[in-house]
Trainee: 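Okay, handing you the structure first.
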Amino acid sequence: MFVALTRPVPPSITECELTHMERVPISWSRATEQHHAYEQALVSLGCRVEQLSAQPTLPDSVFVEDTAVVVDECAVIARPGAPSRRDETPTVASALAAYRTLFTIEAPGTLDGGDVLRLGRRIYVGLSGRTNVDGARQLAAFLQPFDYSVESVVPTDCLHLKSAVSALPDGHLLLNPRWIDASAFAGAPWIEVDPAEPFAANVLCVGPSVLCSAAADRTRRLLEAQGYDVTAVDASELAKAEAGVTCCSIIVTS
(Lines give C-alpha, C1' and ligand atoms only; values in the text may rest on other atoms or scores of the structure.)
Protein backbone atom coordinates (compact mmCIF):
# COMPACT_ATOMS: atom_id res chain seq x y z
CA MET A 1 0.00 0.00 0.00
CA PHE A 2 1.07 3.55 -0.67
CA VAL A 3 0.58 6.26 1.94
CA ALA A 4 0.66 9.86 0.69
CA LEU A 5 1.45 12.46 3.32
CA THR A 6 -0.04 15.83 2.37
CA ARG A 7 -0.81 19.12 4.09
CA PRO A 8 -3.50 21.75 3.41
CA VAL A 9 -2.66 24.90 1.49
CA PRO A 10 -2.06 27.71 4.03
CA PRO A 11 -3.77 31.09 3.53
CA SER A 12 -0.28 32.61 3.76
CA ILE A 13 0.74 30.88 0.48
CA THR A 14 0.84 34.37 -1.07
CA GLU A 15 4.00 35.01 0.98
CA CYS A 16 5.81 31.88 -0.27
CA GLU A 17 9.51 31.75 -1.05
CA LEU A 18 10.39 32.49 -4.70
CA THR A 19 13.75 32.16 -6.44
CA HIS A 20 13.39 31.98 -10.23
CA MET A 21 9.87 33.34 -10.69
CA GLU A 22 8.29 36.75 -10.24
CA ARG A 23 5.56 37.05 -7.61
CA VAL A 24 2.04 37.05 -9.02
CA PRO A 25 -1.30 36.82 -7.20
CA ILE A 26 -2.21 33.35 -5.91
CA SER A 27 -5.82 32.46 -5.16
CA TRP A 28 -5.89 30.48 -1.91
CA SER A 29 -9.38 29.13 -2.65
CA ARG A 30 -8.43 27.98 -6.14
CA ALA A 31 -5.16 26.49 -4.89
CA THR A 32 -7.13 24.61 -2.23
CA GLU A 33 -9.56 23.23 -4.83
CA GLN A 34 -6.69 22.07 -7.03
CA HIS A 35 -4.89 20.53 -4.06
CA HIS A 36 -8.02 18.58 -3.12
CA ALA A 37 -8.25 17.28 -6.70
CA TYR A 38 -4.55 16.31 -6.45
CA GLU A 39 -5.28 14.31 -3.30
CA GLN A 40 -8.22 12.62 -5.03
CA ALA A 41 -5.94 11.71 -7.94
CA LEU A 42 -3.53 10.10 -5.46
CA VAL A 43 -6.41 8.06 -4.05
CA SER A 44 -7.38 6.94 -7.55
CA LEU A 45 -3.80 5.72 -8.06
CA GLY A 46 -3.94 3.56 -4.95
CA CYS A 47 -2.76 5.85 -2.17
CA ARG A 48 -4.19 6.31 1.27
CA VAL A 49 -3.92 10.05 1.87
CA GLU A 50 -2.80 11.02 5.37
CA GLN A 51 -3.25 14.76 5.75
CA LEU A 52 -0.94 16.45 8.24
CA SER A 53 -2.14 19.28 10.46
CA ALA A 54 -2.42 22.65 8.77
CA GLN A 55 0.33 25.21 9.38
CA PRO A 56 -1.42 28.43 8.36
CA THR A 57 1.44 30.77 9.22
CA LEU A 58 4.07 28.81 7.25
CA PRO A 59 3.60 29.88 3.61
CA ASP A 60 5.36 26.92 1.96
CA SER A 61 4.07 24.22 4.31
CA VAL A 62 1.90 22.57 1.63
CA PHE A 63 5.12 21.55 -0.13
CA VAL A 64 5.85 18.62 2.18
CA GLU A 65 8.25 16.90 -0.22
CA ASP A 66 11.05 19.23 0.82
CA THR A 67 10.90 18.22 4.48
CA ALA A 68 12.08 14.61 4.17
CA VAL A 69 13.64 11.92 2.01
CA VAL A 70 12.05 8.48 2.34
CA VAL A 71 13.55 5.19 1.14
CA ASP A 72 12.52 1.63 1.97
CA GLU A 73 14.73 1.34 5.04
CA CYS A 74 14.55 4.78 6.68
CA ALA A 75 13.52 8.42 6.39
CA VAL A 76 15.85 11.40 6.57
CA ILE A 77 14.33 14.58 7.97
CA ALA A 78 15.60 17.48 5.94
CA ARG A 79 16.90 20.88 6.97
CA PRO A 80 15.36 23.15 4.32
CA GLY A 81 17.62 25.70 2.71
CA ALA A 82 15.11 28.50 3.30
CA PRO A 83 15.16 29.34 7.03
CA SER A 84 11.46 30.24 6.85
CA ARG A 85 10.67 26.56 6.18
CA ARG A 86 12.50 24.86 9.03
CA ASP A 87 9.52 24.86 11.38
CA GLU A 88 7.71 22.59 8.90
CA THR A 89 9.77 19.51 9.73
CA PRO A 90 8.70 18.43 13.28
CA THR A 91 5.16 17.42 12.32
CA VAL A 92 6.47 15.54 9.28
CA ALA A 93 8.99 13.72 11.47
CA SER A 94 6.19 12.72 13.87
CA ALA A 95 4.14 11.28 11.02
CA LEU A 96 7.04 9.43 9.41
CA ALA A 97 8.12 7.90 12.73
CA ALA A 98 5.16 5.53 12.41
CA TYR A 99 6.64 4.09 9.22
CA ARG A 100 10.42 4.46 9.28
CA THR A 101 13.52 4.82 11.42
CA LEU A 102 14.46 8.51 11.31
CA PHE A 103 17.71 10.35 10.72
CA THR A 104 18.06 14.14 10.69
CA ILE A 105 20.16 16.59 8.69
CA GLU A 106 21.98 18.91 11.06
CA ALA A 107 23.53 22.39 10.63
CA PRO A 108 25.46 23.52 8.70
CA GLY A 109 23.92 21.09 6.22
CA THR A 110 20.88 22.11 4.21
CA LEU A 111 18.77 19.74 2.19
CA ASP A 112 15.44 20.06 0.38
CA GLY A 113 13.66 16.84 -0.58
CA GLY A 114 12.97 18.31 -4.01
CA ASP A 115 16.69 18.08 -4.68
CA VAL A 116 16.82 14.33 -4.12
CA LEU A 117 16.15 11.91 -6.98
CA ARG A 118 16.05 8.15 -6.45
CA LEU A 119 16.77 5.82 -9.34
CA GLY A 120 16.79 2.30 -7.94
CA ARG A 121 19.73 2.05 -5.53
CA ARG A 122 21.23 5.27 -6.88
CA ILE A 123 20.47 8.58 -5.19
CA TYR A 124 21.23 11.87 -6.90
CA VAL A 125 21.40 15.08 -4.88
CA GLY A 126 21.08 18.42 -6.62
CA LEU A 127 23.38 21.11 -5.27
CA SER A 128 21.06 24.07 -5.58
CA GLY A 129 20.30 27.27 -3.75
CA ARG A 130 18.50 25.14 -1.16
CA THR A 131 20.81 22.11 -0.77
CA ASN A 132 24.49 22.37 0.06
CA VAL A 133 27.48 20.04 -0.01
CA ASP A 134 27.27 19.24 3.70
CA GLY A 135 23.59 18.33 3.41
CA ALA A 136 24.44 15.96 0.56
CA ARG A 137 27.32 14.50 2.59
CA GLN A 138 25.08 13.81 5.58
CA LEU A 139 22.43 12.19 3.39
CA ALA A 140 25.10 9.93 1.90
CA ALA A 141 26.31 8.95 5.39
CA PHE A 142 22.78 7.92 6.36
CA LEU A 143 21.96 6.00 3.18
CA GLN A 144 25.19 4.30 2.16
CA PRO A 145 24.96 1.66 4.95
CA PHE A 146 21.72 0.55 3.28
CA ASP A 147 23.62 0.02 0.00
CA TYR A 148 22.60 3.22 -1.78
CA SER A 149 25.16 5.09 -3.84
CA VAL A 150 24.83 8.85 -3.46
CA GLU A 151 26.14 11.34 -6.01
CA SER A 152 25.84 15.10 -6.33
CA VAL A 153 24.78 16.86 -9.53
CA VAL A 154 24.25 20.53 -10.35
CA PRO A 155 21.00 21.75 -11.93
CA THR A 156 20.88 25.24 -13.41
CA ASP A 157 18.19 27.90 -13.82
CA CYS A 158 15.61 26.05 -11.71
CA LEU A 159 14.71 25.72 -8.05
CA HIS A 160 15.32 22.02 -7.41
CA LEU A 161 16.82 19.00 -9.13
CA LYS A 162 13.35 17.53 -9.63
CA SER A 163 12.31 20.69 -11.43
CA ALA A 164 14.69 19.45 -14.14
CA VAL A 165 14.42 15.67 -13.98
CA SER A 166 12.34 12.94 -12.39
CA ALA A 167 12.19 9.17 -12.57
CA LEU A 168 9.61 7.20 -14.54
CA PRO A 169 8.31 3.81 -13.35
CA ASP A 170 10.53 1.74 -15.65
CA GLY A 171 13.84 3.38 -14.74
CA HIS A 172 13.84 5.96 -17.52
CA LEU A 173 14.25 9.61 -16.65
CA LEU A 174 12.07 12.46 -17.84
CA LEU A 175 14.46 15.33 -18.32
CA ASN A 176 14.85 18.95 -19.40
CA PRO A 177 18.39 19.03 -20.86
CA ARG A 178 18.51 22.82 -20.62
CA TRP A 179 18.42 22.58 -16.80
CA ILE A 180 20.44 19.41 -16.15
CA ASP A 181 23.12 17.51 -18.07
CA ALA A 182 21.81 14.03 -18.88
CA SER A 183 25.34 12.62 -18.76
CA ALA A 184 25.30 13.10 -14.96
CA PHE A 185 23.08 10.02 -14.55
CA ALA A 186 25.47 7.19 -15.39
CA GLY A 187 23.96 6.37 -18.76
CA ALA A 188 20.37 6.02 -17.53
CA PRO A 189 17.93 6.14 -20.47
CA TRP A 190 15.98 9.36 -20.68
CA ILE A 191 13.14 11.09 -22.44
CA GLU A 192 13.27 14.79 -23.20
CA VAL A 193 10.30 16.96 -22.30
CA ASP A 194 8.68 18.94 -25.07
CA PRO A 195 10.86 22.08 -25.42
CA ALA A 196 7.75 24.27 -25.10
CA GLU A 197 7.11 22.83 -21.62
CA PRO A 198 10.28 23.38 -19.56
CA PHE A 199 8.60 22.52 -16.24
CA ALA A 200 7.16 19.22 -17.52
CA ALA A 201 10.05 17.11 -16.19
CA ASN A 202 8.50 17.15 -12.72
CA VAL A 203 6.24 14.10 -12.54
CA LEU A 204 5.22 11.88 -9.65
CA CYS A 205 5.26 8.08 -9.92
CA VAL A 206 2.87 5.99 -7.85
CA GLY A 207 3.60 2.36 -8.64
CA PRO A 208 3.31 1.97 -12.43
CA SER A 209 1.39 5.23 -12.87
CA VAL A 210 2.61 8.75 -13.62
CA LEU A 211 1.00 11.94 -12.34
CA CYS A 212 1.79 15.09 -14.30
CA SER A 213 0.65 18.69 -14.58
CA ALA A 214 -2.21 19.39 -16.96
CA ALA A 215 -0.09 22.26 -18.29
CA ALA A 216 2.32 19.70 -19.77
CA ASP A 217 -0.09 18.39 -22.39
CA ARG A 218 2.50 17.81 -25.12
CA THR A 219 4.80 15.91 -22.80
CA ARG A 220 1.86 13.91 -21.44
CA ARG A 221 0.94 12.81 -24.96
CA LEU A 222 4.57 11.93 -25.62
CA LEU A 223 4.64 9.69 -22.54
CA GLU A 224 1.32 8.07 -23.39
CA ALA A 225 2.58 7.31 -26.90
CA GLN A 226 5.45 5.41 -25.29
CA GLY A 227 3.06 3.32 -23.20
CA TYR A 228 3.03 5.12 -19.87
CA ASP A 229 -0.16 5.34 -17.82
CA VAL A 230 -0.45 9.10 -17.19
CA THR A 231 -2.92 11.07 -15.09
CA ALA A 232 -2.94 14.87 -15.40
CA VAL A 233 -3.98 17.30 -12.66
CA ASP A 234 -4.44 21.05 -12.76
CA ALA A 235 -1.62 22.44 -10.63
CA SER A 236 -1.61 25.91 -12.15
CA GLU A 237 -2.20 27.90 -8.96
CA LEU A 238 0.56 26.30 -6.90
CA ALA A 239 2.84 26.51 -9.95
CA LYS A 240 2.85 30.26 -9.24
CA ALA A 241 4.67 29.33 -6.02
CA GLU A 242 7.38 27.56 -8.05
CA ALA A 243 5.88 24.13 -7.32
CA GLY A 244 5.52 20.92 -9.30
CA VAL A 245 3.39 17.83 -8.74
CA THR A 246 6.01 16.06 -6.61
CA CYS A 247 6.11 18.96 -4.14
CA CYS A 248 2.77 18.37 -2.43
CA SER A 249 3.21 14.83 -1.14
CA ILE A 250 5.59 12.35 0.41
CA ILE A 251 4.86 8.84 -0.86
CA VAL A 252 5.59 6.06 1.62
CA THR A 253 5.33 2.35 0.92
CA SER A 254 3.77 0.83 4.03
Side-chain angles (χ1 to χ4, degrees), residues 2 4-6 17 19 60 63-82 85-86 88-89 92-93 95-96 99-156 158-169 171-176 179-182 184-186 188 190 199 201-206 211 242-253:
F2 299 106
L5 302 183
T6 67
E17 295 278 349
T19 302
D60 291 276
F63 306 128
V64 293
E65 175 189 37
D66 291 324
T67 61
V69 176
V70 178
V71 295
D72 298 340
E73 300 84 357
C74 67
V76 179
I77 305 304
R79 184 170 181 266
R85 301 199 60 189
R86 291 176 190 160
E88 298 173 27
T89 60
V92 174
L96 285 174
Y99 301 101
R100 297 288 190 275
T101 299
L102 303 184
F103 301 98
T104 303
I105 302 294
E106 304 286 352
T110 62
L111 182 83
D112 274 18
D115 278 319
V116 181
L117 172 69
R118 179 181 176 183
L119 191 60
R121 307 304 292 185
R122 287 179 284 163
I123 305 290
Y124 294 95
V125 182
L127 301 180
S128 68
R130 303 289 179 89
T131 296
N132 65 18
V133 170
D134 192 66
R137 179 194 61 77
Q138 291 184 48
L139 182 68
F142 294 139
L143 296 186
Q144 284 172 341
F146 299 108
D147 199 32
Y148 291 93
S149 65
V150 180
E151 301 176 38
S152 295
V153 297
V154 182
T156 57
C158 59
L159 180 62
H160 288 128
L161 176 62
K162 278 190 279 193
S163 305
V165 57
S166 51
L168 294 168
H172 281 67
L173 297 172
L174 182 63
L175 185 144
N176 178 347
W179 289 351
I180 189 71
D181 185 349
F185 300 104
W190 57 283
F199 292 93
N202 183 268
V203 298
L204 177 65
C205 293
V206 181
L211 190 68
E242 217 161 357
V245 294
T246 65
C247 301
C248 292
S249 61
I250 298 173
I251 306 297
V252 183
T253 305

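Everything quoted here is computed from the prediction, not taken from an experiment.
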Trainee: Is there a donor-acceptor pair under 3.5 Å between the side chain of Thr89 and the backbone N or O of Arg86?
Mentor: yes
Trainee: Is any side-chain heavy atom of Arg130 closer than 4.5 Å to a side-chain heavy atom of Glu17?
Mentor: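 SC-SC contact between Arg130 and Glu17 confirmed.
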Trainee: Quick one: CZ on Phe199 to CD on Glu242, what's the gap to the nearest 0.5 Å?
Mentor: 7.0 Å
Trainee: What is the minimum heavy-atom distance between Leu111 and Val116, and which atoms define it?
Mentor: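 Answer, listing the atom of Leu111 first, then Val116: CD1-CG2, 4.0 Å.
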Trainee: Supply the atom-to-atom distance Ser249 OG to Leu211 CG, rounded to the nearest 0.5 angstrom.
Mentor: 8.0 Å
Trainee: I'd like to know if the side chain of Arg79 and the backbone of Ile105 have a donor-acceptor N/O pair within less than 3.5 Å.
Mentor: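 Pair absent, no side-chain N/O of Arg79 close to backbone of Ile105.
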Trainee: Can you give me the closest heavy-atom contact between Tyr124 and Ala184, atom names plus distance?
Mentor: CE2-O, 3.5 Å
Trainee: Nearest 0.5 Å please: distance from the NE2 atom of His160 over to the CG atom of Asp66.
Mentor: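 Output value for this atom pair is 4.0 Å.
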Trainee: Looking at CG of Asp60 and OG1 of Thr67, how far apart are the two atoms once the value is rounded to the nearest 0.5 Å?
Mentor: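 So the gap between those two atoms works out to 11.5 Å.
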Trainee: With a 3.5 Å distance limit and no angle check, can you tell me whether Thr246 reaches the backbone of Leu204 through a side-chain donor-acceptor pair?
Mentor: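 Checked: no pair found.
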Trainee: Can you give me the closest heavy-atom contact between Pro108 and Asp134, atom names plus distance?
Mentor: CD-OD2, 3.7 Å
Trainee: Looking at every heavy atom in both Arg100 and Ala75, which two are closest together, and how far apart are they?
Mentor: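 For Arg100 and Ala75, the tightest heavy-atom pair comes out as CB-N, 3.7 Å.
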Trainee: Side-chain contact, heavy-atom cut-off 4.5 Å: Asp112 with Ser128?
Mentor: no
Trainee: List the steps, then state whether side-chain contact (heavy atoms from CB on, under 4.5 Å) holds for Ile77 with Phe103.
Mentor: CA-CA 6 Å; Ile77 305 304; Phe103 301 98; over 6 Å; no
Trainee: I'd like to know if the side chain of Asn176 reaches the main chain of Ala164, judged simply by a donor and an acceptor atom lying under 3.5 Å from each other, with no hydrogens or angles considered.
Mentor: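 Looks like no, no N/O pair under 3.5 Å.
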Trainee: Please find the pair of heavy atoms, one from Leu102 and one from Ala93, that lie closest to each other, and give the distance.
Mentor: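 For Leu102 and Ala93, the tightest heavy-atom pair comes out as CD1-O, 3.4 Å.
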Trainee: Side chains of Val245 and Asn202, heavy atoms from C-beta outward: is any pair under 4.5 Å?
Mentor: yes
Trainee: Nearest 0.5 Å please: distance from the OG1 atom of Thr110 over to the CD atom of Gln138.
Mentor: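 One finds 9.5 Å between OG1 of Thr110 and CD of Gln138.
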Trainee: Please list every donor-acceptor pair under 3.5 Å in which a side-chain atom of residues 141-153 meets a protein atom from a residue at least two apart or in another chain.
Mentor:
| unit_1 | atom_1 | unit_2 | atom_2 | d |
| --- | --- | --- | --- | --- |
| Tyr148 | OH | Glu73 | OE1 | 2.7 |
| Tyr148 | OH | Arg118 | NH2 | 3.3 |
| Tyr148 | OH | Arg121 | NH1 | 3.4 |

Trainee: Please round to the nearest 0.5 Å and tell me the distance separating atom CZ of Phe185 and atom CG of Asp181.
Mentor: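 Nearest 0.5 Å value for the CZ-CG distance: 8.5 Å.
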Trainee: What heavy-atom pair brings Ala4 and Ile251 nearest, and what distance separates the two atoms?
Mentor: CB-CD1, 3.7 Å
Trainee: For Ala167, check side chain to side chain contact (heavy atoms under 4.5 Å, CB included) against everything at least two apart and list the hits.
Mentor: Leu117, Leu119, Leu173
